[in-house]
Protein chains: 2
Amino acid sequence: MLIRQNRGGAETAPENAPPLPPLVCVLDDDPDIRGSIESLLRAEGFSVQTYASTSEFVMCDSVDRAACLLLDINLGDANGLDFQEELAGNEIPVPVILMSGYGDIPMTVRGMRAGALDFLAKPLSDDVLLAAVSDAIRKDEVRRAASAALDGTRQRYNALTNREREIMGLVTAGLMNKQIAARLGLSEITVKIHRGNMTRKMQADSLADLVRMAEELGAREASASRFNR
Amino acid sequence: MLIRQNRGGAETAPENAPPLPPLVCVLDDDPDIRGSIESLLRAEGFSVQTYASTSEFVMCDSVDRAACLLLDINLGDANGLDFQEELAGNEIPVPVILMSGYGDIPMTVRGMRAGALDFLAKPLSDDVLLAAVSDAIRKDEVRRAASAALDGTRQRYNALTNREREIMGLVTAGLMNKQIAARLGLSEITVKIHRGNMTRKMQADSLADLVRMAEELGAREASASRFNR
DNA sequence: GCCCACATCATCCTTAGGTATGATGGCGGC
DNA sequence: GCCGCCATCATACCTAAGGATGATGTGGGC
């Protein structure tokens with residue numbers, strides 16, 4: 001029925017990006033720890049960025065590849081658990097691996113509840129650390145893939161006019177054109193026109209398609225970052 | 001458009017069930033612990049059932065009210081973490097609170113990963129225990145409410161004939177009646193009839209409604225048990 | 001044997017959805 | 001001031017969906 005037209009327009013991905021190595025961010029106030037972790041991970045082919053304090057950590061703004069954060073809990077002037085919760089609150093979906101030399105069960109519970117993938121006791125075992133990092137990177141790759149699938153839909157949604165977004169909401173709520181027209185104080189024909197333009201812009205092949213897009217945009221979107229294990 | 005008709009048929013709930021007190025199952029091999037937890041929780045108004053071993057625990061088959069499981073890790077002949085993972089594997093969605101006198105960080109990580117809500121170190125503090133249990137019961141109430149919302153839909157879906165289920169799948173995939181007819185080797189009119197019966201039986205007010213029901217039945221359904229925190 | 005649920009198809013009619021063409025008006029940028 | 005985007009509405013036409021009525025056939029249960 002509805003043929004897709006404006007395909008392959010301005011997608012964001014720069015065509016044939018070479019596969020960047022996964023990035024591991026290390027936030028620990030002990031220079032020795034930072035150094036040893038960095039050399040270990042670099043030897044395994046990871047990119048590594050290290051930070052001594054939370055203020056240094058500007059989240060590698062590069063969200064262009066799979067990444068994870070190795071986060072120490074005892075940061076001297078700051079608490080890693082607080083920082084982790086702050087990240088989660090700001091919807092920063094990077095997988096977190098917590099580390100501590102003085103960890104206990106309540107701290108572990110708190111960290112895991114906040115979404116940490118693992119909690120490693122210091123001194124760190126190379127094998128354990130590598131396994132945890134590999135797992136975290138794998139999780140982030142899955143998360144990024146799912147997020148990328150949403151990206152196209154979200155871009156198309158953002159390209160709609162306000163009226164079109166409004167009508168998309170009412171259409172996917174199950175209202176008929178005439179009900180929408182009455183609700184918005186429009187004539188039915190105007191609704192049809194907006195609806196047609198909206199459906200074409202969203203590249204929806206059917207109403208069912210459109211409903212699923214709306215569900216993804218509305219329902220998931222915000223929560224997706226936490227439920228990806 | 002579509003008026004709901006066969007409302008209030010054979011719903012499962014026995015009309016005006018008195019609100020049963022939440023049930024706490026306690027699985028611990030120490031009789032003293034079982035006794036003290038039981039008396040504490042009973043004083044707070046909870047129903048309590050205690051078990052000394054995993055074989056005794058038949059999950060209070062009564063899934064007719066909010067519940068949670070207080071699970072000791074050191075069960076003598078069995079391991080609480082293994083048992084918890086077994087429960088999760090069998091899709092038994094009861095919230096679990098782990099307890100241990102010899103817990104460490106790796107055990108905590110494992111338990112939390114498997115979906116435990118909390119991990120309490122023994123000796124237990126009354127306040128901490130009560131807070132954990134209250135929280136778990138609250139979580140289970142939310143889970144049960146969400147699950148109940150699905151129940152009606154699932155019942156109606158199961159009441160469909162095979163043909164109607166088949167057509168529901170194709171309708172919610174976005175196919176037009178004539179496409180469905182071709183796919184199934186039927187005439188379009190027959191598809192319309194099945195579709196009409198199906199939509200009425202599902203009590204769907206619109207196609208959008210139907211698509212969401214199909215999404216819930218297909219996509220959530222199995223996973224809902226684990227993502228309910 | 002009869003009844004009922006299920007499935008199948010036909011004809012007829014109404015409503016809803018989708019598109020094309022054309023027209024008007026506001027608003028912002030060059 | 002003109003052009004483009006957006007929004008609005010009208011007329012007309014076509015397709016899709018939904019419902020009513022009627023009919024045929026099959027299989028299972030009492």
Sidechain-backbone polar pair: A:D28 side chain, A:R34 backbone, donor-acceptor under 3.5 Å: no
Tell me: CE of A:M176 to P of C:dT15, nearest whole Å? 11 Å
Whole-Å distance between C:dT8 C1' and B:R163 CZ? 9 Å
Distance check needed: C:dG18 C1' versus A:L210 CG, whole Å only. 14 Å
Extract from the structure each pairing of a protein N or O with an N or O of nucleotides 23-29 of chain D at less than 3.5 Å, listing the distance.
none

With side-chain hydrogen bond (donor to acceptor under 3.5 Å, both in side chains) as the test, pick out the partner of B:N197 among B:R195, B:R200, B:H194. B:R200
For nucleotides 21-25 of chain C, tabulate all protein N/O to nucleotide N/O atom pairs closer than 3.5 Å, reporting atom names and distance.
none

Give me the atom names and distance for the closest heavy-atom approach of B:T50 to B:E56. O-OE1, 4.3 Å
Counting only side-chain N and O atoms of B:N177, is one of them less than 4.0 Å from OP1 or OP2 of D:dA17? yes
Can you check the B:M198 CE to D:dA17 P distance for me, whole Å? 12 Å
Rounding to a whole Å, what distance do you find between A:H194:NE2 and C:dT19:C1'? 15 Å
Gap between atom CG of A:L70 and atom CD1 of A:I97 - 0.5 Å precision: 5.0 Å
So, the side chain of A:N158 versus the backbone of A:R154: is there a donor-acceptor pair under 3.5 Å, distance only? yes
B:T161 side chain near C:dA7 phosphate (N/O to OP1/OP2, under 4.0 Å): yes
Is it the case that the side chain of B:E216 and the backbone of B:L150 share a donor-acceptor pair, with hydrogens and angles ignored and the cut-off at 3.5 Å? no
The answer to which of B:A159 and A:N197 contacts DNA chain C further toward the 5' end, by nearest nucleotide, is B:A159
Quick one: are A:V133 and A:C68 in side-chain contact, heavy atoms under 4.5 Å? yes
Mind checking side-chain contact (heavy atoms from CB on, under 4.5 Å) for B:R110 and listing every partner two or more places apart, or none if nothing turns up? B:L81, B:D82, B:E85
Could you check how far CG of A:N162 sits from C1' of D:dC6, rounded to whole Å? 10 Å
If I take atom NZ in residue B:K201 and atom P in nucleotide D:dG18, what distance separates them, rounded to the nearest angstrom? 16 Å
Looking at A:R195, does any N or O in its side chain come under 4.0 Å of the phosphate oxygens OP1/OP2 on C:dG18? yes
Residues within residues 181-192 of chain B bordering DNA chain C, heavy-atom distance below 4.0 Å: B:L186, B:S187, B:I189, B:T190
Closest non-hydrogen atom pair, B:A173 against A:S206: O-OG, 4.4 Å
In this structure, which one of B:L27, B:I37, B:D118 forms a side chain to side chain contact (heavy atoms under 4.5 Å, CB included) with B:M99? B:I37
Indicate the atoms forming the closest heavy-atom contact of B:Q84 with B:A116, along with that distance. NE2-N, 3.2 Å
So do the side chains of A:L184 and A:R163 get within less than 4.5 Å of each other, counting heavy atoms only? yes
If I take atom NZ in residue B:K178 and atom C1' in nucleotide D:dA17, what distance separates them, rounded to the nearest angstrom? 12 Å
Between its two end axes (five pairs each) the helix from C:dG1-D:dC30 to C:dC30-D:dG1 turns, nearest 10 degrees, through 30°
For A:F83, all residues meeting ring-ring contact (aromatic ring centres under 6.0 Å, His included), sequence neighbours excluded: A:F57
Using a strict 4.0 Å threshold on nitrogen-to-oxygen distance, state whether B:R42 and B:E38 make a salt bridge. yes
